[in-house]
Amino acid sequence: MPEGDTVYRAAAKLDRALSGRQLLVSDFRVPAYATLDLTGATVRHSFSRGKHLITRIDHERDWSLHTHLKMEGSWHVYPTGEKWRRPAEQARVVLGVEGRSAVGFSLGIVEVVPRHEEHALTAHLGPDLLGPDWDEDEALARLRSQPERPVGEALLDQRNLAGVGNMYMAELCFTSGIHPTTSVAAVDGQLPRLVRRAHQMLAVNKERAIQSTTGNLRERERMWVYRRDKSPCRRCRTPIAVAMVGEPGRERAAYWCPSCQPER
């Protein structure tokens, strides 16, 4: 799934394209909302909450459009008349204003709810790493509530802190010298620095499309360990390892350096 900074940029793109403008096209291509017509409505604001995207739309009543990219989803913005870069059959939502259209392709979640129900959509999430209400202490408390849990799993759990995906989990564990299967309790003293670094990494990358945790934006130099299995560690030259870790049915690929991140 995309990382929190990717969703942040998608929300910012929608906000720039649609906010304050009247909808001339309202096309929901999912069964639950196939008859919903918001033509004439005014788009107020788009923003991210962790990996969730909310677009507020005012019509005869106030609505909130909730979308989630999941694995394959993306939002594109096109000038009117420009050919789409993905097949039309993948479009799930089309919102058009004067001069441009926003198209949501292969969206994993599409929901339209009354505005007063908006909070329930993301109430389960922990503190948002890129949100105005980011709370480091609350994130630490949630992580520590399950001390025996592997730290890699705990970082990926959006109920603890919202925005970390596979890439940042791998990079955070490496830069902290922690094996991803190490228990939260075993690295308790490192947790504040780990959480602070998570916030810093996403904040640095939220305004640029090319993500980097090394500071180098060159294609093959951007990451420390993520998707670099069998490549040499940038620090010690040990081959990077990869394995599926996590609860059965919810396994994720984890990358680490066996030398820099020994198992405890």
Asks: Do the rings of Phe105 and Tyr78 sit parallel, tilted or perpendicular, given the 30° and 60° boundaries?
Replies: perpendicular
Asks: For the residue pair Ile240 and Cys257, what are the closest heavy atoms and their distance?
Replies: CD1-CB, 3.9 Å
Asks: What verdict does the salt bridge (charged side-chain N to carboxylate O under 4.0 Å, His left out) test give for Arg234 and Glu221, after you've listed the backbone C-alpha separation in whole Å, the side-chain angles of each residue and the deciding distance to 0.1 Å?
Replies: CA-CA 9 Å; Arg234 300 191 188 284; Glu221 305 295 328; 2.9 Å; yes
Asks: Identify whether the distance between the nearest side-chain nitrogen and carboxylate oxygen of Glu82 and Arg100 falls below 4.0 Å.
Replies: no
Asks: Do you know the tightest heavy-atom contact between Ser74 and Leu107?
Replies: O-CD2, 4.2 Å
Asks: Using the rule that two of Ile, Leu, Val, Met, Phe, Trp, Tyr join whenever any of their side-chain heavy atoms come within less than 4.5 Å, decide whether Val112 and Val94 are in one cluster.
Replies: no
Asks: Please tell me if the side chains of Thr35 and Phe28 come closer than 4.5 Å, counting only heavy atoms from C-beta onward.
Replies: no
Asks: Step by step, work out the side-chain hydrogen bond (donor to acceptor under 3.5 Å, both in side chains) result for Tyr255 and Asn166.
Replies: CA-CA 9 Å; Tyr255 299 80; Asn166 267 29; over 6 Å; no
Asks: Under 6.0 Å between the ring centres of His199 and Trp134?
Replies: yes
Asks: Indicate the atoms forming the closest heavy-atom contact of Ser48 with Asp128, along with that distance.
Replies: O-OD2, 3.7 Å
Asks: Is NZ or CZ of Arg228 both nearer than 6.0 Å to the six-membered ring centre of Trp224 and within 45° of the ring axis?
Replies: no
Asks: Would you say that more than 12 heavy atoms from the other residues, nucleotides or ligands in this model lie under 6.0 Å from the CZ of Arg208, or not?
Replies: yes
Asks: In terms of side-chain geometry, is the basic nitrogen of Asp157 or Arg149 positioned less than 4.0 Å from the acidic oxygen of its partner?
Replies: yes
Asks: Taking NZ, NE, NH1 and NH2 as the nitrogens, is one of them in Arg196 or Glu136 under 4.0 Å from a carboxylate oxygen of the other?
Replies: yes
Asks: Are Val103 and Val25 connected in the hydrophobic side-chain network, where two residues link if heavy atoms are under 4.5 Å apart?
Replies: yes
Asks: Any side-chain heavy-atom pair from Thr175 and Met201 closer than 4.5 angstrom?
Replies: yes
Asks: Output, in order, the C-alpha distance, side-chain angles, deciding distance and verdict of side-chain hydrogen bond (donor to acceptor under 3.5 Å, both in side chains) for Ser64 and Arg56.
Replies: CA-CA 5 Å; Ser64 293; Arg56 292 174 174 168; 4.8 Å; no
Asks: I'd like to know if the side chain of Ser259 pairs up with that of Arg235 as donor and acceptor (distance under 3.5 Å, no hydrogens or angles considered).
Replies: no
Asks: Could you report the tightest heavy-atom contact between Pro262 and His179, atom names first, then the distance?
Replies: O-CB, 3.6 Å
Asks: Minimum heavy-atom separation for Ala170 and Val225, please, with both atom names.
Replies: O-CG2, 3.6 Å
Asks: Using a strict cut-off of less than 4.0 Å between a Lys/Arg side-chain nitrogen and an Asp/Glu carboxylate oxygen, indicate whether Asp27 and Arg29 qualify as a salt bridge.
Replies: yes
Asks: Does Arg115 have more than 12 heavy atoms from other residues, nucleotides or ligands lying within 6.0 Å of its CZ?
Replies: yes
Asks: Counting only heavy atoms not in Arg86, do more than 12 fall under 6.0 Å of its CZ?
Replies: yes
